[in-house]
Amino acid sequence: MLEIQRLRSDKEGVLNGLFKRNIDATNTINEILDIDSLWRSSKTELESIFAELNQLSRKVGLLLKEGHQEEASQLKLETTSLKEKETNLKLKVEEMESKISALLYSLPNVPHEDVAQGKTPEDNEQIERSGDFPTFAFSASPHWDLVKKYELIDFELGVKVSGAGFPFYRGKGAKLQRALISFFLDEAEKAGYEEFIAPLLVNEASGIGTGQLPDKEGQMYYSQADDLYLIPTAEVPLTNIYRDVLLPNEDFSIKLTGYTPCFRREAGSYGKDVRGLNRLHQFDKVEIVRIENPKNSEKALNEMVAHVRELLVKLELPFRILRLCGGDMGFASAMTYDFEVYSAAQEKWLEVSSVSRFDTFQSNRLKLRYKDDQKKSHLCHTLNGSALALPRILAAILENNQTQEGITIPTILQSYTGFSSIQ
RNA sequence: GGUGGGAUGGGUGAGUGGCUGAAACCAACAGUUUGCUAAACUGUCGUACGGGUAACUGUACCGCGAGUUCGAAUCUCGCUCCCACCGCCA
């Protein structure tokens, strides 16, 4: 949620920023500011009524103590009209407050100044492209054929037991999955992130904290009997550790990581894009999360990008890094880098990581703050990124490393898998 | 699922209708003392919003939401969460 102070002080900047998302928020912001100024004057008036009532009550108390019954009941009468005014005004103030917050919740984050305007993925800026595309002397198979051939993943079995998008990993497929998770966690640990095993179901407050709720509840699985949501990413439980937290000083850098399954309903997609491992209802992911002083968040973002980049280099996968344009960024993000690996048989780029800074957008909802040297509190910055999402990595490894004899496991993973190829 | 008990500031914990935003202690921070450390002493020590250049000031907040009352941390009702014991279960 944007800070209302920001709208008050820099309306033009916010409007221009949102324009990069192709959103014209002029009406919304004007409405917010109109209500806000009315709210402030009403609030002041309401508080002065409270002050008056408080004084009267105090006087009544004193009078009664001294035994002046008559004068006390006189004063009591005076409060009735005040209380009536109070009730009406209070109602109005509350109405304004909920209107303002509903409008504020509807606004996405303002893109960082370096983010380009744009509408579609075509408008994303390529920052880097690395690694060579593999070439094959035979006709390369897509991963959904490979996993069948080598009995690594069983989609049909998943359909039987759960439904489409819930595959079984089996044998060396399961082992490879486990190897990737361990590798990613170990790398994160080396980079200074503390590992967590997080709850997979979260409450409503957590969903609101990281921006999934309200609005995007359709994307999450929901257990009605318990009023809990299945996490779409570890970002939700990990970041919400710091909901309602006031850090005692300005010297902090919090780095968290965790592996979790992720659950996404992802309604409305079909076709080749969702085939095989490309889009699942349940998938595995290692996430990295950071809570930073605003002055360090740019540095933190760069470190995270470098970290994810290094993972892809070690896995020997051809990849490219994109800085998303305004129109392609997520609701809460101020800047996002997407990582895509090239999957050689499908002959296309697959998104495997998204690294974002949210600035104060999440922390404002989370009420996550720190105290500066002057003991004033400020909102922290939050960041997160996938490091990495497993299925498409697996798809790319399988497709890119296939030979006519089998699939070669990337060297870095071999100590984790215990085998160097899949026949 | 059943039966009890509880929820007060960073922590422990006092407070059952009126200068109580809240005692006391601990922790923390600053200072004095000290060769250093420790101890001792002194002081500071919640958050949010509004007004004010500022000093400051008004209001709200004692799990959440209603209610009673001139006045609620304190009384009433509803809800949530936590703890203990029993049952069930990995």
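In what follows, chains carry the letters A, B, and so on, assigned in the order in which the sequence lines appear, proteins first and then strands, with residues in each chain numbered from 1.
- With both pairing distances under 3.5 Å, B/U59 is matched to B/A48 as a Watson-Crick or G-U wobble pair.
- For the C1' atoms, the distance linking B/G9 with B/A48 amounts to 14 Å, nearest Å.
- Closest approach of A/Ile127 and A/Leu322 over heavy atoms only: CG1-C, 4.3 Å.
- Of the charged side-chain nitrogens involved, none lies within less than 4.0 Å of a carboxylate oxygen, so that A/Arg357 and A/Glu292 do not count as a salt-bridged pair.
- Between the C1' atoms of B/C25 and B/A14, the separation comes to 11 Å (whole Å).
- Of the nucleotides present, B/C86 is the one that pairs with B/G1 by Watson-Crick or G-U wobble criteria, both distances under 3.5 Å.
- Between A/His68 atom NE2 and B/G18 atom P the separation is 20 Å, expressed in whole Å.
- Ring planes of A/Phe361 and A/Phe331: perpendicular class, angle over 60° (limits at 30 and 60°).
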Extract from the structure each pairing of a protein N or O with an N or O of nucleotides 54-56 of chain B at less than 3.5 Å, listing the distance.
none

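- A salt bridge does not link A/Lys160 to A/Glu156: none of the charged side-chain nitrogens sits closer than 4.0 Å to a carboxylate oxygen.
- In this structure, CG of A/Leu89 is placed 13 Å from C1' of B/U59, rounded to the nearest angstrom.
- In this structure the side chain of A/Ile181 never reaches within 4.5 angstrom of the side chain of A/Tyr416, judged on heavy atoms.
- Just one residue in the list A/Val308, A/Ile288, A/Leu315 forms a side chain to side chain contact (heavy atoms under 4.5 Å, CB included) with A/Phe184, and that residue is A/Leu315.
- Backbone-only engagement by A/Leu246 is indicated by non-hydrogen atom pairs under 4.0 Å involving sugar-phosphate atoms exclusively.
- The residue among A/Val60 and A/Ala51 whose nearest nucleotide of RNA chain B is located toward the 5' end is A/Ala51.
- At the heavy-atom level, A/Ser377 lies under 4.0 Å from the strands shown only through sugar-phosphate atoms.
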Filtered N/O pairs between nucleotides 49-52 of chain B and protein, under 3.5 Å:
unit_1, atom_1, unit_2, atom_2, d
B/G50, OP1, A/Arg8, NH1, 3.0
B/G50, OP1, A/Arg8, NH2, 3.1
B/G50, O2', A/Thr44, OG1, 3.0
B/G51, OP1, A/Arg40, NH1, 3.2

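- Across the protein-nucleic acid pair, A/Lys371 atom NZ and B/C45 atom P stand 11 Å apart, rounded to whole Å.
- A distance of about 16 Å separates the P atoms of B/C26 and B/G13, rounded to the whole Å.
- Look at the C1' atom in both B/C83 and B/A27: the space between them is 25 Å, to the nearest Å.
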Show me the protein contacts with nucleotides 71-79 of chain B, counting only N or O atoms at under 3.5 Å.
unit_1, atom_1, unit_2, atom_2, d
B/G71, OP1, A/Lys83, NZ, 3.0
B/G71, O4', A/Ser57, OG, 3.3

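- Scanning for side chain to side chain donor-acceptor pair (under 3.5 Å) contacts around A/Tyr242 gives an empty result, with sequence neighbours left out.
- Between the NZ atom of A/Lys90 and the P atom of B/G65 there is a distance of 10 Å, rounded to whole Å.
- For the pair A/Lys175 and A/Phe419, the cation does not sit on the ring face, since its NZ or CZ is not both under 6.0 Å from the ring centre and inside 45° of the axis.
- Between A/His378 and A/Leu56, the residue anchored nearer the 5' end of RNA chain B, judged by the nucleotide with its closest heavy atom, is A/His378.
- Put simply, CD on A/Gln55 is 8 Å from P on B/U59, counting in whole angstrom units.
- Contact between the side-chain N/O atoms of A/Arg369 and the OP1/OP2 oxygens of B/U47 is not found at any separation under 4.0 Å.
- Defined by atom type and a distance below 3.5 Å, a donor-acceptor pair is present between the side-chain atoms of A/Gln346 and A/Glu399.
- Partners of A/His378 according to the ring pair (Phe, Tyr, Trp, His ring centres under 6.0 Å) rule, which considers only residues two or more places apart in sequence or in another chain, are A/Tyr370.
- With rounding to whole Å, A/Lys376 atom NZ is found 15 Å from B/G46 atom P.
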Can you tabulate the close N/O pairs, meaning under 3.5 Å, that link protein atoms to atoms of nucleotides 28-30 of chain B?
none

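- Look at CG on A/Asp244: it is 15 Å from C1' on B/G46, rounded to the nearest Å.
- Nucleotides B/U57 and B/G71, compared at atom C1', are 23 Å apart to the nearest Å.
- Note: CG (A/Leu91) to P (B/A66) measures 11 Å, nearest angstrom.
- The side chain of A/Asn203 contributes no N or O atom lying less than 4.0 Å from OP1 or OP2 of B/U80.
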